[in-house]
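These notes are about the structure you will find just below.
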Amino acid sequence: LDIIPTFAIGCAAEFPIADEGWGPRPVPPVPGSPELAAHIAQSTILDEFDMTIVNKMAVDHGLTVPLSLMYGQPSAWPVPVIPLAVNVVQYPPPTGHRCYMLGKAIRRAVDSFEKPMRVAIFGTGGMSHQLQGPRAGLINQPFDNHFLDTIRSRPRSPVAHSTPRVFA
């Protein structure tokens, strides 16, 4: 918890796999896209988002598990990736509305990039799982589905736009 930026974009050419306490996952390093990442960083900063530019970033299961689900276990990942970390561990986290507006700013940045390319955006992270402790590995699928259904059916609901509360 030394440095927790609200939004951080990985601009490296390659991202090593993080050791999350059990050793790094046995997957290849993740290739980056420095040129597009720099463009997104510049564009979002000029769009008034305080984006932290990160040139050294180890990536964890939140990125490598979705890549494994998409591409299996290749010797090298077939696509470049731009990790974008959002603070969800230290108060105050950004609001859902702020994240939504960042998504719109990223869309504008990608649309204005000089080189034509196909871009996919994946939002990852659990809403109800723990990495350690008695609930480690447990996914509360009914809660997750209810949460997602609520956001989808009421996009302007307090879930998406409220300021987070701290519970002691």
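Since this is a predicted model, take the numbers as computed values, not measurements.
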- Message: Using the rule given for side chain to side chain contact (heavy atoms under 4.5 Å, CB included), can you reason through Leu84 versus Ile82, listing the C-alpha separation, both sets of side-chain angles and the distance that settles it, and then say yes or no?
- Response: CA-CA 6 Å; Leu84 186 121; Ile82 300 171; 5.7 Å; no

- Apply side chain to side chain contact (heavy atoms under 4.5 Å, CB included) to the pair Val65 and Arg25, showing each step before the final yes or no. CA-CA 9 Å; Val65 168; Arg25 287 188 74 227; 3.8 Å; yes

Sequence neighbours left out, cut at 3.5 Å: what donor-acceptor pairs do the side chains of residues 12-19 make with other protein atoms?
unit_1: Asp19; atom_1: OD1; unit_2: Gly21; atom_2: N; d: 2.8
unit_1: Asp19; atom_1: OD1; unit_2: Trp22; atom_2: N; d: 3.4
unit_1: Asp19; atom_1: OD1; unit_2: Gly23; atom_2: N; d: 2.8

Would you mind writing out the side-chain donor-acceptor pairs for residues 68-81 within the sub-3.5 Å range, not counting sequence neighbours?
unit_1: Ser68; atom_1: OG; unit_2: Thr64; atom_2: O; d: 3.0
unit_1: Ser68; atom_1: OG; unit_2: Gln73; atom_2: NE2; d: 3.1
unit_1: Trp77; atom_1: NE1; unit_2: Pro28; atom_2: O; d: 2.9

Do any side-chain atoms of residues 44-53 form donor-acceptor pairs under 3.5 angstrom with protein atoms, and if so which ones, sequence neighbours left out?
unit_1: Thr44; atom_1: OG1; unit_2: Ile40; atom_2: O; d: 2.8
unit_1: Thr44; atom_1: OG1; unit_2: Ala41; atom_2: O; d: 3.2
unit_1: Asp47; atom_1: OD2; unit_2: Arg108; atom_2: NE; d: 3.1
unit_1: Asp47; atom_1: OD2; unit_2: Arg108; atom_2: NH2; d: 2.5

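Inter-residue side-chain proximity for Pro93 and Val88 is flagged as unmet; no heavy-atom pair is nearer than 4.5 Å. Residues Val86 and Pro94 are in side-chain contact: their nearest non-hydrogen atoms beyond the backbone lie under 4.5 Å apart. Counting only heavy atoms from C-beta outward, the side chains of Val27 and Leu67 never approach each other to under 4.5 Å.
Within the structure, salt bridge (Lys or Arg N to Asp or Glu O under 4.0 Å) pairs that include any residue of residues 75-84 do not occur (at least two apart or interchain). Evaluation of the salt bridge (Lys or Arg N to Asp or Glu O under 4.0 Å) test over residues 59-69, restricted to residues two or more places apart or in two chains, returns none.
At a threshold of 4.5 Å between side-chain heavy atoms, the hydrophobic network of Ile, Leu, Val, Met, Phe, Trp and Tyr places Phe7 and Val119 in one connected group. Met101 and Ile9 fall within a single hydrophobic cluster, where Ile, Leu, Val, Met, Phe, Trp and Tyr side chains are chained together by heavy-atom contacts under 4.5 Å.
Taken from OH in Tyr100 to OG1 in Thr95, the straight-line distance is 13.0 Å, to the nearest 0.5 Å. With values rounded to the nearest 0.5 angstrom, Gln42 atom CD is found 9.0 Å from Ser112 atom OG. Of the inter-residue distances, the one linking Leu102 atom CG with Arg107 atom CZ reads 14.0 Å to the nearest 0.5 angstrom.
The side-chain contact (heavy atoms from CB on, under 4.5 Å) test applied to Ile3 returns Pro5, not counting sequence neighbours. Looking at residues two or more places apart in sequence or on another chain, you find a side-chain contact (heavy atoms from CB on, under 4.5 Å) between Phe113 and Glu35, Leu36, His39, Lys115, Met117.
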